[in-house]
Amino acid sequence: MPIKEELKHKIIDGKIISGLLVEKVSAGIFELTKQDIKPTLAVVLIGDDPASQVYVRNKKIMCEKVGIKSVEYKFGEDIKEKELLSLIDSLNRDKGINGILVQFPIPPHISKQKTINAISPDKDVDGLHPINAGKLMNNIECLTPCTPQGSMIMINSIAEDTSGMNAVVLGRSNLVGKPMSQLLINANCTVTQVHSKTKDIQSFTSQADILVAAIGIPNFVKSDWVKKDAIIIDVGINRVESDQNATAKTKLVGDVDFEDVFDKVSAITPVPGGVGLMTVACLMNNTLIATKAQHSL
Ligand code: NAP
C-alpha cells in the first residue's frame, strides 16, 4: 500500500492541514486584490437554528481571515420560496458577488432542490448544483462540495497516490457521501458505497484501505469493522452526553469510535479538530476558484 511508513499511526490534524490550505487561499486572494478584485461571498441564513448560526459565524470569521468580503442575508422562517428565489436571482446577476451560499436546513415550505438549482453554477461554492455534480461525475474541473473536497485533501496527506486502493464510503447523501465516492473514483480507488439498506456493512468496511464515515450515528464504527492499517476519515459530527466527571454536559464525537479503532489503523481524523475545519477552508478555496473563473484568470 502506498502509505508512507513514517505517517502511520498518526492523527490527521485538521488544524494543520486546513491551516496550510487557508494560507494558500489567502495568498491567492492577496494576488487578486492587487488587481482590484475583492472576492465576495453572499451567505443566506433563514430562521434561528442555533447550529446554522454557529456555522455562519465561523464562515464569516474565516472570510475575514483570508480577505473575502462576506455579505449576510438574514430572514425569518416565514420567508416565501418566491422571495428567496428572487434574491438568489439578483445575486446571480450581481457582478460584485462571486459566491452564493444558502445555509441548510431551510424551512420545509421551501424546496431545497429548487433553491440549489436557482444558484448560478459558477457561483455555487457549495458545489451542489446538478451541473457541478454532473461535471464531478465526468471528472471535469468544477466547484466540488466542501466536505468531500476537504476529506480528499486529508486522504492525500497520507496517501498521495490512491490508485488501486479499496475505499468504502458510509453514507450516500448528495452533500457528502455521493461526491466523496466520486472524488475517490476519480482518484482511481475501487469504491463501495454503503447506506442504511446495505446488508452486512462490516463485510465491506473490513476490506477498506480508506474508510470515510458520513452517517451521523455516534461511535458507529468499531475496531472489528476496520481493516488493519486503514486510513479513516470521520465526517460525522454528533453531540452526545459527556462522561460523568466532565465539566461540559455534552461533547462532540464522530461516527467512528476513535479510541476503539486507534491502535489498529494507520491514520485517523479526530472529531472535533478534523474534517469540520477542512469544510470551512474548502469553502474559502471554492470562493477563490469561483472568483478567478469569473474573471477568466
Ligand atoms: P444525511 O444526509 O442524513 O445522510 C446520512 C447517510 O447515512 C444516508 O445516506 C443514510 O442512508 C446513511 N445511514 C444512516 N443510518 C445508517 C446506518 N445505520 N447504516 C448505514 N448507513 C446509514 O447526512 P450527511 O449530511 O451526509 O451527514 C452525515 C454526517 O456528517 C452527520 O453527522 C453530519 O453532521 C456530518 N457532517 C459533517 C460535516 C463536516 O464538516 N465535518 C459536513 C456535513 C455533514 P440512506 O441514504 O439509506 O438513508
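All figures in this text were calculated on a predicted structure; none of them were measured in a lab. Count residues from 1 along the sequence. Atoms within a ligand are numbered from 1 in the order they appear, just like the ligands themselves.
- Ligand 1 lies under 4.0 Å from heavy atoms of T147, G171, R172, S173, L175, V176, H195, S196, I201, A214, I215, G216, I217, F220, V235, G236, I237, N238, V275, G276, T279.
- Within 6.0 Å of CD in E241 there are 12 or fewer heavy atoms belonging to other residues, nucleotides or ligands.
- Pairs engaging residues 25-51 under the ring pair (Phe, Tyr, Trp, His ring centres under 6.0 Å) rule: none recorded [sequence neighbours left out].
- Taking hydrophobic clusters as Ile, Leu, Val, Met, Phe, Trp and Tyr residues chained together by side-chain heavy-atom distances below 4.5 Å, L252 does not share a cluster with V235.
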Let me check something: any side-chain donor-acceptor pairs from residues 141-153 under 3.5 Å, sequence neighbours excluded? List them with distances.
unit_1, atom_1, unit_2, atom_2, d
T144, OG1, Q149, NE2, 3.0
T147, OG1, T279, OG1, 3.0
Q149, OE1, N285, ND2, 2.9
Q149, NE2, T144, O, 3.2
Q149, NE2, N286, OD1, 3.0
S151, OG, T147, O, 2.8

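- When the salt bridge (Lys or Arg N to Asp or Glu O under 4.0 Å) test is applied to D122, no partner is found at least two apart in sequence or on another chain.
- Closest heavy-atom contact between M154 and D13: CE-C, 4.4 Å.
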